[in-house]
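Heads up, the thing below is written out as structure tokens.
Lettering of chains follows the sequences in order, A, B, ..., and the numbering in each one begins at 1.
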Number of protein chains: 2
Amino acid sequence: MGANERRGVCFSALSSRKGHGLTAHATAPRALAARARRAAPLAAHRPDADAPDAGKGQRVMIIGGDGYCGWATALHLSKRGYAVSIVDNLCRRSMDDQLGFNSLTPIKGIHERVRKWKEVSGRDIDLFIGDVCDYEFLSAAFQKFSPTACVHFGEQRSAPYSMMDRTRAIFTQTNNVMGTINALYAVKEFAPDCHMIKLGTMGEYGTPNIDIEEGYITITHNGRTDTLPYPKQGGSFYHLSKCHDSANMLFCTKAWGLRTTDLNQGVVYGVSTDECDMHPDLVNRLDYDAVFGTALNRFCIQAAVGHPMTVYGKGGQTRGFLNIKDTVRCIQIACDNPAPAGEMKIYNQFTEQFSVNELAAMITEAGKKIGLSPEVINVPNPRTEMEEHYYNAKNSKLQDLGLTPTLMSESLMDSLLKTIVEYKDRVDQRLILPGVNWKESASVGKTLAK
Amino acid sequence: MGANERRGVCFSALSSRKGHGLTAHATAPRALAARARRAAPLAAHRPDADAPDAGKGQRVMIIGGDGYCGWATALHLSKRGYAVSIVDNLCRRSMDDQLGFNSLTPIKGIHERVRKWKEVSGRDIDLFIGDVCDYEFLSAAFQKFSPTACVHFGEQRSAPYSMMDRTRAIFTQTNNVMGTINALYAVKEFAPDCHMIKLGTMGEYGTPNIDIEEGYITITHNGRTDTLPYPKQGGSFYHLSKCHDSANMLFCTKAWGLRTTDLNQGVVYGVSTDECDMHPDLVNRLDYDAVFGTALNRFCIQAAVGHPMTVYGKGGQTRGFLNIKDTVRCIQIACDNPAPAGEMKIYNQFTEQFSVNELAAMITEAGKKIGLSPEVINVPNPRTEMEEHYYNAKNSKLQDLGLTPTLMSESLMDSLLKTIVEYKDRVDQRLILPGVNWKESASVGKTLAK
């Protein structure tokens, strides 16, 4: 069955609820129990989505394929018969070196990873090591691989990193925005029918006092109506770089007739996917430092090593979350549903909303069950953000295309905590407390080493 | 009288009409006559705005002060007692050299201009030649000059230039976005009370099917209400760079407590200001080529040299316009009304709306009166834009602060046409037809020389 035939096939296993509430004030343990009851088994977005030839005929270039989301996605698609290439300059590893960070899990080098994957799965992944900001390299990769879809994870993806100092602010916006412009030109020039799938972030929307729609909003104003890009309010140079990307991609889509999808992803948590679990050398990275570690993963690691969970400010900050198992399925869904030429699809890619306080309460509950004694401390908020606010973001489009959410549950939290406990001797507790303050961002960075 | 005392003083000479209609279908010659009757004499925004010490105590750094708007603004403020410095890397001149363009008017070098200004006016202008993307240079300029206001015109400002090829697209967004980030860091670090006044463009809004508000829009959605940044739809890499600037500046304003003003300027026309007219060596640049020449100026020049006016597509494209005499007054008003710390003011800086067809009709009428025989041709539209659309942009805020618009009138058009006829032998007609097509923008630029 060819790619075009498959595109129309879509098995919807959508559950009727949306998996999130309007406020941040639900009692967390009860909410957790309720969620555990509702958790559905993983379901594919079409009957044959997990078949070994599900992706036959599709050639997917994964920019940033050595990173947290990129690596899991590369294996997920490769396993299902999509021809996969990874484009990466490995700068994420170099940032760890520079800042003295490390992944909780002992990840292998990319060459070793790809060799092991071939050994374990029998599948090849093409490797292009280079920088998307280097157009000569990028165009060679496009010509060599001839992608039918390009999944662009290849951006500096930490808000605190972007706020460390002017140099890193400039790096973040240059790397992300110019890298995406290059990728758009490469599609236009070498693969005009290639479906460009770019990762954005839910953080592009900020925390408006109205419902967050999926990318576009219909506004009636002074008696007239139009559907326009949803107003964006990025809260760091990183988040802003993603806003800029979205605006640039929308323009190129219309001006050049490209096929594009913008995925505004929530905070990803977890480390396990079926493919990364196939061999210890395929293990995914898991960040716990205050720069690259995101809320849920970082809290679990803090709980596991006996460090109090560091809630920034009041903890009423509410965001959308998703399990990395769903990230990889969302990308597969996007690949299988290319946008028509000249149209940019926008999906909000998360499955549940939680406040920081809810997260901490859920982890406390789950931690106790496996013999931990998690504690919470409120530390001064290093960011400029609202700590109590309305938050209601829509996320039905991916579910309409067949995503069945992997909801937060005790068993999932259990297994994440147990994985972490296994590696807890690798944790450097000095890296946990926030070291980057939004207001203090200066032209010349301070040394982070302590 | 010090700057702080003056800030509350505001003489409003606002006329009651807004100077624009809702549609692009008014019969142009009649509209012109009506406008001529209504044209008010230039009026200051406060009684002493034109006094030789009106700007006493203010130190205004003008980034891009060698350019079309920047040069006129520098002289306007300098004449009125504002201490002025110009920061410029002169890249606009170098672009003319590269592309084989020239200003219709024979402009002098910046050093000669500044020396002549001192001779004519007795006023000093400090000159810092360098690049805002070079932070070492920019921070030295800030420390040396200690600005109380920074007016940022220093961006690549041509949409066609940004669409020529990938290199120039990347240059435009890097130069503009990173230059502005540098300027924001410089303000934060060296002059935290300095009022940052950044030039945006009306083109950031695109052509939505609802009224265009001034920067923010109050949206009621699913029963809740919030005031959010107006949705942007930039129509070229240049326009998008300005959208990115606005988003970055709004974030920095809130995170760092800066005082900022974003001026979404319309298409500027004209060449004469009181100060530029004081000596031939102070003459401002006037661009007529298809890359840097904007609609009204370019049409006048075409009419003057006997080249048909080149209307792109159907000519229903409607935009906001203002005379350069008003640009300089708007900047003075902005300087005199600094934003409170942590707030970004946004004004739409234009005085009248016209469609391209209306412009062509007005120029035809005015040209005939001075013995020209202007003609119009419709050429294929090189841009991706709507050619017939709703357009109603608000522009009351600057008028509420005292701007009295210099409306388009027969006498103004007369004097512009006569100035142009004076220099018409300098026109290279090969530069007039559009050479940059939005759809054809490729990774490697073609040679423009013919």
Assert top hit (heavy-atom pairs under 4.5 Å, partner chain A, pool Gly234(B), Ala247(B), Cys133(B), Pro231(B)) equals Pro231(B)
For a quick test of reading the model, state the closest non-hydrogen atom pair linking Pro382(B) to Pro434(B) and the distance between them. CG-CB, 3.9 Å
Within the 4.5 Å heavy-atom criterion, are Met344(A) and Tyr216(A) side-chain neighbours or not? yes
Go through the atoms of Gln233(A) and report whether side chain, backbone, both or neither lie under 4.5 Å from a heavy atom of chain B. side chain
Check for me whether Arg383(B) meets the cation-pi criterion with Tyr312(B), that is, NZ or CZ under 6.0 Å from the six-membered ring centre and within 45 degrees of the ring axis. no
With rounding to the nearest 0.5 angstrom, report the CG to CD distance, Leu138(B) to Gln143(B). 10.0 Å
Tell me, side chain or backbone of Cys252(A) under 4.5 Å from chain B's heavy atoms, or both, or neither? side chain
Counting heavy-atom pairs under 4.5 angstrom with chain B, the leader among Cys243(A), Ser236(A), Gly257(A) is Ser236(A)
Between Glu213(A) and chain B, which part of the residue has a heavy atom less than 4.5 Å away: side chain, backbone, both or neither? side chain
Grab the two heavy atoms, one from Phe145(A) and one from Met61(A), that are nearest each other, plus how far apart they are. CE2-N, 3.8 Å
Pairing of Glu388(A) and Lys314(A) as salt bridge, 4.0 angstrom limit: yes
Between Thr227(A), Ile219(A), Leu250(A), which has the largest tally of heavy atom pairs under 4.5 Å with chain B? Ile219(A)
When heavy-atom pairs shorter than 4.5 Å are enumerated against chain B, which of Thr174(A), Leu240(A), Val177(A), Thr220(A) gives the highest number? Leu240(A)
Is it true that Asp193(B) and Arg259(B) have a side-chain N and a carboxylate O under 4.0 angstrom from each other? yes
Using a cut-off of under 4.5 Å for heavy-atom pairs, which of Ser139(B), Ala169(B), Ser441(B), Gly223(B) has the most such pairs with chain A? Ser441(B)
Region of Thr225(B) that comes under 4.5 Å of a non-hydrogen atom in chain A: backbone
For Trp256(A), is it the side chain, the backbone, both, or neither that has a heavy atom closer than 4.5 Å to a heavy atom of chain B? side chain
Not counting sequence neighbours, list each pair that qualifies as a salt bridge (charged side-chain N to carboxylate O under 4.0 Å, His left out) and has a residue in residues 225-247 of chain A. Glu155(A)-Lys242(A), Glu204(A)-Lys232(A)
Residues from residues 179-191 of chain B approaching chain A under 4.5 Å (heavy atoms): Ile181(B), Asn182(B), Tyr185(B), Lys188(B), Glu189(B)
Specify the closest pair of heavy atoms between Asn348(B) and Asn395(B), including all atoms of both residues, with the distance to one decimal. O-CB, 3.9 Å
Hey, mind stepping through Thr318(B) and Gln353(B) against side chain to side chain donor-acceptor pair (under 3.5 Å) and telling me if it holds? CA-CA 7 Å; Thr318(B) 301; Gln353(B) 289 185 183; over 6 Å; no
Working note: Tyr230(A) + Tyr205(A), criterion ring-ring contact (aromatic ring centres under 6.0 Å, His included); need CA distance, chi angles, decisive distance, verdict. CA-CA 8 Å; Tyr230(A) 196 97; Tyr205(A) 299 115; 5.3 Å; yes
